[in-house]
Amino acid sequence: MDGTIARPRPMLALGLRLMTALSLATMGALLKLAQQRGAHLLELIFWRQAITFMLIGGFMYFAGRIAAVKTTRLNAHIRRSVLGIIGMVFVYGAVILLPLAEATAISFTAPMFAVFLSMILFAERIGKYRVAAIAIGFAGVVFVVQPGGSGDINMVGVAVGLVAAFLVALISIQIQDLNKTESPWAIVFWFTALTSPVAALALPFVWTAHDTATWQLILAVAVCGAAAQMLLTSSLRYGSAATIIIMDYTSIIWATAFGYFLFDRIPPATLAIGAPLIIASGLLVAWRERLLSKRAAMKTAGTK
């Protein structure tokens, strides 16, 4: 049993993470459609956070569970919110600047960055398996990006996507730590409560009038985002990121389908090579993390 997890339930965690992948892929497609109809990135972030705050806060109030959002770790929520709002800018920016399938494939580099963060934050040693995983993942990114090739990949978008993946890895560590003492409802509530006013500061500069269809898309983005945030936070409560990350890779299927049916985008052949390499990198990291966790548990049990 992994002692870093609040309530270990691996199968539930995998199911929640699978639904998270579908929700995020759907949100990405809707966000891209809304942006094409004139909605600004910062405006989308505001409505995403504000509507989620109203949905979560309203539910908690009418369900008589508002006490569940009380916290003694406000500073931790503030740190998570600062990184979270910055991360949203980069995650959304990558979706806008890149085709959906390519943006999704690049987001899979998060486990690579998690390895570096483990070394920096927790002084963990990087062995040959992790080095191999990083090398495989880097090769996959090269295939997806096609540097010097005839592809139409936006290199600024690639850079934005890589920064987004790094921030996602860092934020996952924060959420896993918060899950030890806070409920998923409290984590999402405080994130949206703290970031909505900040995001609102940009509205006077980016606000534009929208038609009914665009507002429907904005609302759908917010609802999918709220669902994804609750599902993701809950998945990290019941399982470790290294174990459940395998389900994240199913989002490439949805992203490719959305890209084809909604944006008439056929992924290049290089994506069929690059994406599996990046996925293999993440799976190797997940397998290694799982193995190390089991060894640590056996060692701890042996000393008792």
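Keep in mind that what you see is a predicted model, and the values were worked out from it rather than measured. Side chains are part of it too, since the values below use all heavy atoms of this structure and drop only hydrogens, waters and symmetry mates. Numbers here simply count residues along the sequence, with the first being 1.
- In terms of hydrophobic clustering, with Ile, Leu, Val, Met, Phe, Trp and Tyr side chains grouped at heavy-atom distances under 4.5 Å, Leu31 and Phe261 are assigned to different clusters.
- Here CD1 of Ile187 is found 5.0 Å from CG of Leu178. Values are rounded to the nearest 0.5 Å.
- Between Ala165 and Thr109 the shortest heavy-atom distance is CB-OG1, 3.2 Å.
- Residues satisfying the ring pair (Phe, Tyr, Trp, His ring centres under 6.0 Å) criterion with His40, sequence neighbours excluded, are absent altogether.
- Here the side chains of Gln174 and His77 are not in contact, with every heavy-atom distance at 4.5 Å or above.
- Under the side-chain contact (heavy atoms from CB on, under 4.5 Å) criterion, Ala228 pairs with Ser23, Leu24, sequence neighbours left out.
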Task: side chain to side chain contact (heavy atoms under 4.5 Å, CB included) between Arg48 and Gln229, worked out - done: CA-CA 11 Å; Arg48 156 78 162 76; Gln229 201 161 29; 3.2 Å; yes
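- At a threshold of 4.0 Å, the pair Asp177-Arg73 counts as salt-bridged, since one of the basic side-chain nitrogens sits closer than that to a carboxylate oxygen.
- Proximity of a side-chain donor or acceptor of Ser196 to a complementary backbone N or O of Ala193 within less than 3.5 Å is not detected.
- Counting only heavy atoms from C-beta outward, the side chains of Arg17 and Leu231 never approach each other to under 4.5 Å.
- Nearest heavy atoms, Ala199 versus Ile45: CB-CG2, 4.4 Å.
- With respect to the salt-bridge test (charged N to carboxylate O, under 4.0 angstrom), the residues Arg265 and Glu102 qualify.
- Trp254 meets the ring pair (Phe, Tyr, Trp, His ring centres under 6.0 Å) test with no other residue; sequence neighbours excluded.
- Under a 3.5 Å cut-off, the side chain of Asp248 and the backbone N or O of Ala21 do not form any donor-acceptor pair.
- Every residue meeting the side chain to side chain donor-acceptor pair (under 3.5 Å) condition with Asp211, not counting sequence neighbours, appears here in chain and number order: Arg37, Thr214.
- In this structure, the separation between OG1 on Thr104 and CG on Leu271 is 9.0 Å, given to the nearest 0.5 Å.
- Residues Leu167 and Val82 fall within the same hydrophobic cluster, defined by Ile, Leu, Val, Met, Phe, Trp and Tyr side chains chained together at heavy-atom separations under 4.5 Å.
- Residues satisfying the ring pair (Phe, Tyr, Trp, His ring centres under 6.0 Å) criterion with Phe263, sequence neighbours excluded, are absent altogether.
- Both Ile51 and Phe46 sit in one connected hydrophobic cluster of ILVMFWY residues. Membership requires side-chain heavy atoms under 4.5 Å apart, directly or through other members.
- Looking only at distances, a side-chain donor or acceptor of Lys32 sits under 3.5 Å from a matching main-chain atom of Val95.
- When every heavy atom of Glu43 is checked against every heavy atom of Thr208, the shortest pair comes out as OE1-OG1, 4.0 Å.
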Steps toward side-chain hydrogen bond (donor to acceptor under 3.5 Å, both in side chains) verdict (His210, Gln216)
CA-CA 10 Å; His210 302 300; Gln216 289 173 341; over 6 Å; no
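- For the pair Thr233 (side chain) and Met230 (backbone), a donor-acceptor distance under 3.5 Å is absent.
- Note: the hydrophobic cluster containing Val198 does not contain Met54 (ILVMFWY, side chain heavy atoms under 4.5 Å, direct or indirect links).
- In this structure, CG in Leu170 is found 10.5 Å from CD1 in Ile175, a value given to the nearest 0.5 Å.
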Quiz prompt | Intermediate values then yes/no, side chain to side chain contact (heavy atoms under 4.5 Å, CB included), Trp47 and Trp215 | solution = CA-CA 10 Å; Trp47 288 114; Trp215 279 115; 3.7 Å; yes
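- In this structure, Thr20 contributes its side chain and Leu232 its backbone to a donor-acceptor pair below 3.5 Å.
- Listed by first then second residue, pairs satisfying ring-ring contact (aromatic ring centres under 6.0 Å, His included) with a partner in residues 157-186 read Phe59-Trp185, Phe113-Phe166, not counting sequence neighbours.
- A distance of 14.0 Å separates CH2 of Trp190 from CD1 of Ile56, quoted to the nearest 0.5 Å.
- Smallest separation of non-hydrogen atoms from Ile218 and Ala39: CD1-CB, 4.2 Å.
- In this structure, Ile85 CD1 and Arg80 CZ are separated by 9.5 Å, a value rounded to the nearest 0.5 Å.
- Across all non-hydrogen atoms, the minimal contact from Ala68 to Met60 is CB-CE, 3.5 Å.
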Worksheet item: Do Met88 and Thr195 pass the side chain to side chain contact (heavy atoms under 4.5 Å, CB included) test, and can you show the C-alpha distance, the side-chain angles, and the key distance before you say yes or no?
Response: CA-CA 11 Å; Met88 287 182 69; Thr195 56; 5.9 Å; no
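- Side-chain N or O atoms of Arg237 include one that pairs as donor or acceptor with a backbone N or O of Glu182 at under 3.5 Å.
- For the pair Leu41 and Gln35, the minimum side-chain heavy-atom distance is 4.5 Å or more.
- Inter-residue side-chain proximity for Thr250 and Leu22 is flagged as unmet; no heavy-atom pair is nearer than 4.5 Å.
- Between Pro197 and Thr192, the closest heavy-atom pair is CD-O, 4.5 Å.
- Residues Ser251 and Phe108 meet the side-chain proximity criterion, which asks for heavy atoms closer than 4.5 Å.
- Transitive grouping of hydrophobic side chains (ILVMFWY, heavy atoms separated by less than 4.5 Å) brings Phe191 and Val91 into a common cluster.
- From Phe90, atom CZ reaches atom CG of Leu162 across 11.0 Å, with rounding to the nearest 0.5 Å.
- No more than 12 heavy atoms of other residues, nucleotides or ligands sit less than 6.0 Å from atom CD1 of Ile266.
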